[in-house]
Amino acid sequence: MMEDDRTVLRASAELFRAHGMTTIFGNPGSNELPFLAGLDEDFDFVLGLHEQVVVGMAEGYSRATGRPVLVNLHAASGTGNAMGALTNARYAHVPLVLLAGQQVRRTVGQQAMLANMEAGMLTYPLTKYAHEPLSAADVPRTLSQAVLEATTHPRGPVYVSVPLDDWSEPALPDDALLVERSVTTAGAPPERIARELLAAVDDARSPALVLGPQVDAAAVGDPAVFEAVVRLAEHADATVYVAPSPSRAPFPTTHPNFGGVLVPGIESVRRQLSGHDTVLVLGAPVFRYHRWEPGDYLEPGTQVWQVTQDPSEATRAPFGRAVVADVAGAVTVLAESVRDRGARRPERRLPAARTSPDGMTGTEILEVLNQHVHDRVVYVNETTTLDLEYLERIAIDRPGGYHFPASGGLGFGLPAAVGISLAEPEATVVATVGDGSANYGITALYTAAQRGTRTVFVIVNNSGYGALAGFAQRMGVPDVPGLVLGEIDFVSLARGYGVPATRTTSREEFDGAYRRALQADGPALIDARVV
């Protein structure tokens with residue numbers, strides 16, 4: 001095709017190719033057919049059977065690669081289906097480019113069937129940027145802006161709606177310049193701020209680090225960040241906590257300085273930080289609470305510093321001094337210059353798992369997972385009854401080794417695991433998912449079977465919404481309807497989608513099934529009954 005004959009579709013494809021966005025997650029509809037049919041063979045379309053699953057798979061893929069990912073949605077209805085998963089992507093700072101099909105341009109105002117009315121407003125406030133170009137000629141530039149918006153800190157999902165007849169329109173000659181565009185954010189904090197941060201840590205009697213998902217996301221692209229934050233903790237002799245409601249693991253959970261996950265309540269956080277006079281929060285909000293525990297935020301005299309890449313995280317915090325800067329740069333500067341106190345801590349030891357005469361417990365599942373590991377295991381967790389124990393008991397010692405839904409939106413676990421498997425085919429991805437949340441993303445099993453991913457799905461099955469039952473007890477409202485699910489045959493469901501599956505009722509059965517699943521060439525599911 002001659003340069004002068006380039007279409008909007010061709011110019012857009014060149015743009016996506018320049019950004020490495022040739023894997024597309026989607027579920028096609030009529031508005032999207034001209035776009036999909038016109039793509040070259042180097043584009044790989046990953047089919048999902050529901051848009052929530054599609055976005056979840058794309059999030060997993062982006063988390064594993066650290067790159068922007070293209071998602072194809074069907075008009076307003078497909079976008080609506082996707083928005084539950086979009087809450088997780090938004091709070092996880094995942095750079096997804098959501099591309100929705102629109103009706104023929106001249107019929108949108110008539111509200112023709114499948115017209116996406118007020119498309120730019122549909123995903124607000126869950127996207128950083130949302131737009132429908134005012135002309136076909138502006139589609140490639142709009143998509144370029146969307147990609148750069150998604151990948152510029154604070155990263156996040158963006159949304160573009162394109163009328164289906166725009167793709168065949170002529171592109172502008174200057175659209176060729178779009179593939180050369182880039183946006184670079186300056187790195188480490190200014191020298192004056194760095195000196196203040198160093199002084200705060202060096203002068204502290206008992207410093208603590210509270211690490212968030214931005215640290216792990218930076219380390220996926222540069223493993224030296226992981227090494228630097230370990231060096232910072234060791235030299236400062238700081239206890240390292242993971243910020244409340246962690247969506248990633250920003251520190252080796254086997255390290256002697258690891259102090260666990262902060263419980264997401266005001267009183268709980270105050271109590272856990274009470275022994276520290278200086279707290280440095282890196283790459284996390286201050287703080288994302290969940291439980292309502294009224295009380296004072298901090299003990300008198302506790303000083304809090306926050307370094308984040310998200311200005312909104314900095315401005316909305318109710319306490320502390322905030323610095324908006326590149327987290328990787330800040331970690332590197334601090335690790336290179338902090339005073340080495342010369343203290344090193346003894347090895348961490350965990351208590352034995354809780355057991356029950358009535359059957360296997362969820363803690364025993366975690367213990368079994370931790371006994372059978374190799375260098376390339378990635379864990380995805382959507383068992384909200386075990387979220388506080390997970391990082392305490394599972395060995396995570398490399399970047400990108402753990403993933404949890406950032407906004408708590410159910411339906412994350414199964415799709416994200418498939419997306420990570422597609423991004424890291426040499427890894428074994430182990431997804432522990434509650435039986436309640438599994439139903440939100442069950443169709444991800446279809447994609448796992450079709451693609452032959454090395455994914456082990458563990459359904460932690462207590463026949464109900466166990467986390468909600470716990471909340472109901474703490475809130476003094478135990479008689480809530482709808483918390484008991486009864487028997488759901490996940491083995492039959494999995495086999496129906498093409499995934500081999502087995503059911504276990506004891507630790508011994510689960511141990512054997514899990515070892516076999518780790519040796520499988522493709523996906524496997526274990527329906528693990530717990531008490």
Side-chain angles (χ1 to χ4, degrees), residues 63-64 66 92 201 207-263 272-273 276 279-284 307 327-328 330-336 338 340-351 353 363 366-381 386-404 406 420 424 426-430 432:
R63 285 190 183 212
V201 176
L209 301 180
V210 178
L211 305 182
Q214 294 171 24
V215 174
D216 184 61
V220 168
D222 182 5
V225 174
F226 216 58
E227 299 166 5
V229 80
V230 169
R231 189 164 64 253
L232 172 61
E234 290 178 344
H235 286 190
D237 190 27
T239 301
V240 179
Y241 302 97
V242 178
S245 306
S247 59
R248 308 178 73 128
F251 193 79
T253 60
T254 54
H255 194 278
N257 288 53
F258 182 58
V261 178
L262 292 180
V263 178
Q272 286 178 273
L273 297 180
H276 304 286
V279 178
L280 177 57
V281 182
L282 295 170
V307 180
V327 167
V331 166
T332 301
V333 167
L334 292 170
E336 289 174 349
V338 72
D340 189 349
R341 305 183 185 213
R344 298 297 184 264
R345 303 188 183 189
E347 181 181 353
R348 292 182 74 240
R349 295 188 180 276
L350 291 177
T363 310
L366 298 182
E367 202 167 66
V368 171
L369 298 188
N370 208 41
Q371 289 172 350
H372 303 292
V373 297
H374 57 73
D375 291 340
R376 296 298 296 170
V377 173
V378 176
Y379 296 95
V380 177
N381 177 33
L386 298 175
D387 61 338
L388 291 176
E389 289 190 87
Y390 212 101
L391 293 182
E392 295 275 3
R393 293 188 171 275
I394 298 294
I396 310 292
D397 56 8
R398 67 180 186 87
Y402 173 80
H403 301 274
F404 185 84
I420 293 169
E424 297 191 54
E426 74 284 358
T428 297
V429 180
V430 178
T432 52

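Remember, predicted model here, so these are calculated numbers, not experimental data.
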Problem - 4.5 Å side-chain heavy-atom contact, Leu391 and Pro246 - result: yes
Practice task
Would you check if Arg341 and Pro207 make a side-chain contact, meaning some heavy-atom pair closer than 4.5 Å?
Solution key: yes
Handout entry: Distance (rounded to the nearest 0.5 Å) between Arg248 CZ and Asp216 CG
Key = 4.5 Å
Handout entry: Polar side-chain atom of Asn257 near backbone of Val240 as donor-acceptor pair, under 3.5 Å
Key = no
Problem - Closest non-hydrogen atom pair, Ala328 against Val225 - result: CB-CG2, 3.7 Å
Exercise for the section: Can you measure from CZ (Arg393) to OG1 (Thr253) and round to the nearest 0.5 angstrom? Expected result: 12.0 Å
Problem - Minimum heavy-atom distance between Val331 and Ala228, given as atom pair plus value - result: CG1-CB, 3.7 Å
Practice task
With sequence neighbours excluded, tell me which residues meet ring pair (Phe, Tyr, Trp, His ring centres under 6.0 Å) with His255.
Solution key: Phe251
Handout entry: Residues forming a salt bridge (Lys or Arg N to Asp or Glu O under 4.0 Å) with Arg231, sequence neighbours excluded
Key = none
Practice task
Check Ile394 against Leu369 and note the closest heavy-atom contact, atom names and distance.
Solution key: CD1-CB, 3.8 Å
Practice task
Locate the shortest heavy-atom distance separating Val229 from Pro250; write the atom from each residue and the value.
Solution key: CG1-O, 3.9 Å
Problem - Among Leu282, Val215, Val281, the one residue meeting side chain to side chain contact (heavy atoms under 4.5 Å, CB included) with Val307 - result: Leu282
Handout entry: Stepwise side chain to side chain donor-acceptor pair (under 3.5 Å) check, Tyr390 with Thr432
Key = CA-CA 10 Å; Tyr390 212 101; Thr432 52; 3.2 Å; yes
Practice task
Taking salt bridge (Lys or Arg N to Asp or Glu O under 4.0 Å) as the test, write out the residues that go with Arg376, two or more places apart.
Solution key: Glu424, Glu426
Exercise for the section: Go through the structure and list residues passing salt bridge (Lys or Arg N to Asp or Glu O under 4.0 Å) with Asp237, not counting sequence neighbours. Expected result: Arg345
Exercise for the section: Using the test salt bridge (Lys or Arg N to Asp or Glu O under 4.0 Å), find all partners of Glu234 that sit at least two apart in sequence or belong to another chain. Expected result: none
Problem - Test item: Gln272 and Val261 side chains (from C-beta on) under 4.5 Å apart, heavy atoms - result: no
Practice task
Kindly say whether His403 contributes a backbone atom to a donor-acceptor pair with the side chain of Arg63 at under 3.5 angstrom?
Solution key: no
Handout entry: Minimum-distance pair of heavy atoms, taken over all atoms of Thr363 and Leu386
Key = N-CD2, 4.1 Å
Exercise for the section: State, to 0.1 Å, how close Ser247 and Pro213 come at their nearest heavy-atom pair, and which atoms those are. Expected result: OG-CB, 3.5 Å
Handout entry: Any donor-acceptor pair under 3.5 Å from Asn370 side chain to Ala395 backbone
Key = yes
Practice task
Sorted by first residue and then second, give each ring pair (Phe, Tyr, Trp, His ring centres under 6.0 Å) pair with at least one member in residues 213-247; sequence neighbours left out.
Solution key: Tyr241-His276
Handout entry: Side-chain heavy atoms of Leu334 within contact of Leu280, under 4.5 Å
Key = yes
